[in-house]
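In what follows, chains are A, B, ... by sequence order, proteins preceding strands, each numbered from 1.
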Amino acid sequence: MMITDQQKFQAIISHAKEYGFVFQSSEIYDGLSAVYDYGPWGSELKRNIRDQWWNEMTRMHDNIVGIDAAIFMHPTTWKASGHVDNFSDPMIDNKDSKKRYRVDHLIEGFAEKLVADGKNDEADILIADMDRFLAANDFSGLKGLIERNKIVCSVSGTGNWTDVRQFNLMFSTQLGSVSDEANEIYLRPETAQGIFVNFLNVQKTARMKIPFGIAQVGKAFRNEIVARQFIFRMREFEQMEMQFFIRPGTQKEWYAYWKEERMKWHTGLGLPAENYRFHDHVKLAHYADAAVDIEYAFPIGWKEVEGIHSRTDFDLSSHQQYSGKKLQYFDNEINQNYVPYVIETSIGLDRMFLLSLSYAYTEEKWTKDDGKEDSRVVLKLPAKIAPIKLAILPLVKKDGLPEIARDIMHECRSDFYCFYEEKDTIGKRYRRMDALGTPFCITIDHQTKEDQTVTIRYRDTMMQERIALAKVRELVKEKIK
RNA sequence: GCGGGAGUAGCUCAGCUGGUAGAGCGAUAGCCUUCCAAGCUAUAGGUCGCGGGUUCGAACCUCGUCUCCCGCUCCA
């Protein structure tokens, strides 16, 4: 029986809670909108995904190094990056058409109409008033301006407006303990800027030569107007970003290179290529000269999981201008100083987590040999990222079997995450491990005492075979490589 | 932000025209000793999302609010 995508999404959310992957933040206080916590198995899964990415970037490329920059940054950083100007505008909604306008656009549009009618003086006064109110953050003044001039919505034709409100995607707080003397600073809305401002520090201390990359994993914060769809769009989320610094003019090749390289990482985890696609940006952000999303077929539709952007020298040049410090690189090969261009790969860790669950979550039903119906819910997570790698199960909890199980547990637990369980029937324990996505289970039985072999059971096929107890550790290590 | 739907045990849900809560699964402890959950026994878990109102009495009626899901909108 097929379940619909919508049902599957609901089932994943329930499963994530029931089995300790994801909880709503502050649940006992009714939760906090669009903020989530990761539970015991969720935090393992998330960590494993993070490690896969980090190791791929830093260990597998000798020209990429990592950093861990602070969440707080100098306020000017966000002026230079364009975040302050582009993402903190007073907005107003028309209650009839439900259309939302930037207040300055609305008033400027009306001023243009005045000019067209030959009322240049009125237009000039209007714009001057607007600028004064904008500078003073006087929202009621702005609304009064709209009302006095009887500015109407172009869709509904009415002047039925909400109050003017500030929409700022960045969270702010105060640095300094005395609030009226403190400076307003922001929680970073992206991790990239921590890399850009450290460009020269890293390049010089790690003796990097262009082309080279800087990788970073960390939290970012965006005060989304609408944040929804479980952990897909959260207000606090984790990014895995790599900024690759290159010689100007070579961005096309490197953009193509990273596009391919990043897709290889996804499929290399064992995720099916047919669930992925590229989606080119038509409208480019203020910093980019090319941009593409890697999209995945989530139960909620094709959605972006990763972005690859050609950011030109926008960020470094801008920081150079605002800071007054040169952010240049001397290229020995061509005997030239230049501000490097940048190719960015930026993947949402939480989205990758949701992607993994979306791929892995499977409900299976079949008829047993005796004609009875059987079923299971199994997370077919790639073994590399599964929270628990190996479950160690004594068939019965007597006759010395638990002791043997404890021994093998002791041997393996420093290499990978093991889970010991002696409660309930073996079938029930297998089901529980299926629900957590544990790829391998071994069962210690009476025969183990005689010939030192165990049954290993594979999650996806439910097949089992006998192997030497001494080989378990190496076998699992090999499979999770 | 607007519109729609929902919120009762860890999960899925029942609860009649208002009379202070139930089931299945799950969990815990024990029995059984079994290679694919659903044998037996016992136990624990809910001020019915939260707050006001109506009423002798509210899970149920009403108002507000919070959270989640869907559509629109937004999305560096």
Side-chain angles (χ1 to χ4, degrees), chain A residues 5-7 9-11 13-20 23-36 39 78 81-83 85-87 91-100 162-163 165 167 169-170 189-190 192-193 220 222-230 232-233 239 281 283-288 291 293 300 303-304 307 309 311 314-315 344 346 364 366 368-369 372-378 393-399 401 422-435 441-447 454-459 461-466:
Chain A
D5 285 349
Q6 193 50 50
Q7 285 170 330
F9 192 57
Q10 298 294 345
I13 295 171
S14 295
H15 191 87
K17 163 143 198 227
E18 188 170 3
Y19 288 93
F23 310 123
Q24 196 181 5
S25 165
S26 320
E27 195 184 48
I28 62 167
Y29 293 109
D30 286 338
L32 189 60
S33 186
V35 184
Y36 291 88
W78 307 112
S81 70
H83 285 81
D85 289 337
N86 289 325
F87 301 103
M91 309 282 275
I92 193 165
D93 291 9
N94 184 274
K95 289 180 186 168
D96 298 316
S97 66
K98 315 294 185 200
K99 194 161 162 50
R100 175 169 297 157
T162 63
D163 284 338
R165 288 165 298 182
F167 285 85
L169 222 47
M170 289 194 289
E190 64 175 22
Q193 300 306 324
R222 293 181 194 175
N223 206 353
E224 303 279 357
I225 299 165
V226 176
R228 265 202 306 226
Q229 291 170 315
F230 193 42
F232 188 81
R233 178 165 290 123
Q239 290 184 311
H281 284 210
K283 205 179 117 198
L284 294 170
H286 59 275
Y287 54 69
D293 292 339
I300 47 176
K303 297 276 182 186
E304 175 189 358
H309 305 117
R311 291 181 82 128
F314 175 88
D315 300 277
E344 165 188 83
S346 173
E364 292 181 347
W366 66 92
K368 289 193 286 192
D369 292 344
K372 286 185 181 162
E373 292 293 308
D374 207 352
S375 67
R376 66 170 181 162
V377 173
V378 53
L393 316 169
L395 190 60
V396 296
K397 53 184 166 191
K398 61 177 188 184
D399 302 334
L401 302 188
E422 61 182 29
K423 177 114 176 91
D424 293 315
T425 62
I426 193 68
K428 201 167 200 168
R429 282 178 274 170
Y430 285 155
R431 288 297 187 283
R432 268 202 284 263
M433 287 300 111
D434 285 342
C441 297
I442 55 166
T443 302
I444 286 85
D445 58 15
H446 292 93
Q447 192 186 331
V454 294
T455 305
I456 185 162
R457 180 260 195 190
Y458 300 100
R459 178 194 65 199
T461 58
M462 298 171 75
M463 300 305 259
Q464 44 192 34
E465 59 183 332
R466 276 204 96 79

Describe the nucleic acid contact of A:Glu373 in one word from base, sugar-phosphate, nothing, applying a heavy-atom distance below 4.0 Å. base

Of the nucleotides B:U33, B:C36, B:C70, which one has an atom closest to the side chain of A:Val396? B:U33

With no angle test and no hydrogens, is the base of B:C36 tied to the side chain of A:Arg457 by a donor-acceptor pair under 3.5 Å? yes

Quick one: is A:Thr425 getting a side-chain N or O under 4.0 Å of the B:C36 phosphate, OP1 or OP2? no

Which listed nucleotide (B:C36, B:A76, B:A29) is nearest to the side chain of A:Lys423? B:A29

Mind checking A:Leu395 for me? I need base, sugar-phosphate or nothing, with any heavy atom below 4.0 Å counting as a touch. base

Could you list, one pair per line, each protein nitrogen or oxygen that sits under 3.5 Å from a nitrogen or oxygen of nucleotides 23-27 of chain B, together with the distance?
{"from": "B:A27", "atom 1": "OP1", "to": "A:Arg432", "atom 2": "NH1", "distance (Å)": "2.2"}

Side chain to side chain contact (heavy atoms under 4.5 Å, CB included) involving A:Glu373 - partner list, sequence neighbours excluded: A:Thr367

Test salt bridge (charged side-chain N to carboxylate O under 4.0 Å, His left out) applied to A:Arg431 - qualifying residues, sequence neighbours left out: A:Asp374

Would you indicate what A:Asp445 reaches in the nucleic acid, counting non-hydrogen atoms under 4.0 angstrom: base, sugar-phosphate, or nothing? base

Which part of the nucleic acid, if any, lies within contact of A:Ile444, taking any heavy atom under 4.0 Å across all strands shown: a base, the sugar-phosphate backbone alone, or nothing? nothing

Pull out every protein N or O sitting under 3.5 Å from an N or O of nucleotides 64-68 of chain B, one pair per line with the distance.
{"from": "B:U67", "atom 1": "O4'", "to": "A:Asp30", "atom 2": "O", "distance (Å)": "3.2"}
{"from": "B:U67", "atom 1": "O3'", "to": "A:Gln24", "atom 2": "NE2", "distance (Å)": "2.9"}
{"from": "B:U67", "atom 1": "O2'", "to": "A:Gln24", "atom 2": "OE1", "distance (Å)": "3.4"}
{"from": "B:U67", "atom 1": "O2'", "to": "A:Gln24", "atom 2": "NE2", "distance (Å)": "3.0"}
{"from": "B:C68", "atom 1": "OP1", "to": "A:Ala34", "atom 2": "N", "distance (Å)": "2.8"}
{"from": "B:C68", "atom 1": "OP2", "to": "A:Ser33", "atom 2": "OG", "distance (Å)": "3.3"}

Pairing residues for A:Phe9 by the ring pair (Phe, Tyr, Trp, His ring centres under 6.0 Å) criterion, not counting sequence neighbours: none

Sorted by chain and number, sequence neighbours left out, salt bridge (charged side-chain N to carboxylate O under 4.0 Å, His left out) with A:Asp293 holds for none

